[in-house]
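Structure first, commentary second.
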Amino acid sequence: MKRPAGWAALAGFASAAAGLGASELIAGIFAPSASPLVSIGTWLIDLAPSWAKETMIALFGTGDKPALIVLLVVAVSVLGALAGILQRRRPPWGALVFVALGVVSLVAALTRPESGMLSSVPAAAGTVLAAILLDRLIRRVRDGLDADRTSARPEATPRSVGDRRNFLRLSAVAGTAGLVAVAGGQWIGSSARRARDLIADVRLPAATKTAAAPPSGASFSIDGLPPVITPNDDFYRIDTALVVPEIDPADWSLRITGMVDEEVEITWNELLALPLEESTTTLLCVSNEVGGDLISTATWLGYPIRHLLERAGPSPDADMVLSRSTDGFTAGSPIDALTDDRNAIVAVGMNGEALPVEHGFPARLVVPGLYGYVSATKWVVELEVTRYDRASAYWTDRGWGERGPVKLSSRIDVVSPAADGTVTLAGFAWQPGTGIETVEVQIDDGDWRAAELADEISVDTWRQWRALVEVEPGNHVARVRATSKTGEVQTAKEQGVLPDGATGLDARRFAL
Ligand SMILES: Nc1nc2c(c(=O)[nH]1)N[C@H]1C(S)=C(S)[C@@H](COP(=O)(O)O)O[C@H]1N2
Ligand SMILES: [Mo]
């Protein structure tokens with residue numbers, strides 16, 4: 001047998017693929033959250049420093065999760081090939097590499113908040129299969145080698161050729177079946193698919209307090225200017241969930257715990273029976289760069305958080321509410337933001353539908369005026385009343401600011417020069433919770449000029465603006481700045497997104 005290292009690598013890859021495939025298939029059928037790819041991937045996401053999160057968002061946008069799964073499959077394949085080479089040289093060290101991988105995967109699966117009785121099965125079964133297969137296949141490689149050494153023309157001997165075909169067939173079948181099983185397991189276990197079935201059965205009650213219909217003047221019709229209310233499919237999505245949690249509303253409840261007179265637990269049916277209110281609120285991510293698109297607006301249906309907190313009776317010493325998702329994510333909101341009279345809600349509806357699974361089905365929080373990472377917990381199951389000096393949340397543990405108030409900002413969406421020497425500029429300005437008073441635009445180093453503002457839907461909603469300016473032929477820069485209803489003028493001082501949101505003015509170059 002020639003190139004024994006190549007054969008050993010093939011055997012290693014095939015064993016790893018078969019083992020991973022078995023794990024993923026078993027997980028897909030019996031314990032989706034214990035999928036090795038998902039649990040190790042989630043572990044990596046949780047361990048990743050903030051700059052890595054920013055890089056993933058910058059590189060893959062919302063495709064960051066499939067990209068991570070594919071990277072992991074490639075990594076396991078390469079490790080498998082290396083384990084094959086090692087097993088040929090120094091058995092049983094190759095098999096022990098698989099055992100080590102299995103242990104990592106087992107620990108990752110067992111430490112997930114969703115882990116249950118079956119969580120250890122996928123990793124254990126896959127590891128045993130991979131190790132046995134590796135042992136068998138590498139024995140053949142070693143036997144083949146010995147046969148080669150003792151015979152003058154190994155390729156010509158019938159036994160060797162037959163063995164080689166056999167070995168190749170077995171490796172190819174194991175490797176291919178393994179990769180197919182990985183894909184199949186991911187598909188069978190897809191919580192998004194099952195959650196969508198659950199969502200289809202949901203009937204939301206009508207709101208007792210409806211949001212004012214957007215005034216007809218709330219949006220300009222300008223090519224390239226996104227609608228003021230974002231369709232659900234276009235709503236930005238940011239979360240740490242490699243696979244979305246699948247929650248049956250029948251099993252869901254929201255608990256209010258911690259520094260309260262009395263713990264409260266509310267079920268799905270109890271929540272839907274309460275007088276639900278509609279409100280139109282702009283939500284944005286602290287990772288939104290100046291001019292970025294991690295910002296969207298929806299009309300939400302939900303119940304005020306302050307009423308739920310009132311029932312539990314929060315201690316006057318509490319200054320934070322730590323909201324917790326079923327997948328372990330947490331956000332720490334200043335308790336004042338949840339008890340004052342703003343529209344801070346437990347939302348169950350988004351633009352007239354149940355929440356899409358990616359946006360938190362069956363329930364999430366929406367709090368005007370705070371970035372998503374400190375307030376907008378999706379798949380929410382618990383509100384723990386506590387204090388900033390006692391508890392910390394997911395992103396604050398990773399270096400982001402504690403309280404996360406949204407910063408006043410504005411964006412240029414449209415720069416449209418016309419033949420007559422005019423340029424149409426248009427975009428959005430926002431400070432949810434406060435509202436926008438004026439927007440101004442500037443061409444090059446000229447004077448700031450007032451833009452026209454579309455009608456306001458509410459102080460919690462971003463506002464469209466437009467301006468028609470005349471310019472000389474040549475290259476120019478357009479800038480925008482907003483002033484809030486409290487008279488704050490958007491600062492030109494540039495700051496990055498870490499630790500508490502970007503500042504600076506959006507600028508766009510254009511030529512006429
Ligand atoms: N469970 C959970 N909720 C979460 C997050 C998360 O990672 N997990 N991310 C938060 C962040 S950082 C933002 S910006 C908003 C985004 O909400 P969206 O995806 O519906 O736009 O959700 C928040 N809620
Ligand atoms: Mo975010």
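Computed from heavy atoms alone, side chains included, the values below leave out hydrogens, waters and symmetry copies. Each ligand, and each atom within it, is numbered from 1 in the order the structure gives.
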For ligand 1, which is the ligand I care about here, please tell me if [X] has any N or O atom under 3.5 Å from one of the ligand's N or O atoms.
X      : result
Trp395 : no
His359 : yes
Lys378 : yes

Salt bridge between [X] and [Y], side-chain N to carboxylate O under 4.0 Å?
X      : Y      : answer
Glu246 : Arg194 : yes
Asp239 : Lys378 : yes
Asp319 : Arg390 : no

Which bit of [X] is near ligand 1, meaning a heavy atom under 4.0 Å away: side chain, backbone, both or neither?
X      : value
Trp379 : side chain
Phe329 : side chain
Asp327 : side chain
Phe235 : side chain

Under 4.0 Å from a heavy atom of [X]: give me the atoms of ligand 1 that qualify, with their elements.
X      : answer
Thr377 : 3 (N), 24 (N)
Ser325 : 1 (N)
Tyr373 : 11 (C), 12 (S)
Cys285 : 14 (S)
Thr240 : 6 (C), 7 (O)

Exercise. Which heavy atom of Arg324 sits nearest a heavy atom of Thr377, and at what distance?
Worked result: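 Scanning both residues completely, I find the closest heavy atoms to be C-CG2, 3.9 Å.
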Problem set entry | Shortest non-hydrogen contact from Gly435 toward Glu456 |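 Closest approach of Gly435 to Glu456, heavy atoms only: CA-OE2, 4.2 Å.
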For this session: Please write down residue, atom name and distance for the protein heavy atom closest to atom 17 (O) of ligand 1.
Result: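 Result for atom 17 (O) of ligand 1: Arg364 NH2, 3.1 Å.
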For this session: Provide, to 0.1 Å, the distance between atom 14 (S) of ligand 1 and the closest protein heavy atom, together with that atom's residue and name.
Result: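 Residue, atom and distance for the closest contact: Tyr236 OH, 3.3 Å.
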Problem set entry | Aromatic Phe510 / basic Arg508 pairing, under 6.0 angstrom, 45° off normal |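 Output no; distance or angle outside limits.
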For this session: May I ask you to decide if the ring planes of Phe361 and Trp268 are parallel, tilted or perpendicular, using 30° and 60° as cut-offs?
Result: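 Perpendicular.
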For this session: Tell me which one of Ala376, Ala347, Ser287 gets a heavy atom nearest to atom 24 (N) of ligand 1.
Result: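 When every heavy atom of Ala376, Ala347, Ser287 is considered, Ala376 comes closest to atom 24 (N) of ligand 1.
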For this session: Would you mind finding which of Ile238, Asn288, Val366, Thr326 brings a heavy atom closest to atom 9 (N) of ligand 1?
Result: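 Among Ile238, Asn288, Val366, Thr326, the closest heavy atom to atom 9 (N) of ligand 1 belongs to Ile238.
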For this session: Starting from the C-alpha separation in whole Å, work towards a yes-or-no answer on side chain to side chain contact (heavy atoms under 4.5 Å, CB included) for Trp400 and Ser287.
Result: CA-CA 10 Å; Trp400 296 79; Ser287 300; 4.0 Å; yes
For this session: Examine Trp300 together with Phe235 and report whether their ring centres are nearer than 6.0 Å.
Result: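 Close enough - the centres of the two rings lie under 6.0 Å apart.
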For this session: Assess the side chains of Thr297 and Trp462: does a donor N or O sit below 3.5 Å from an acceptor N or O?
Result: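 There is such a pair between these side chains.
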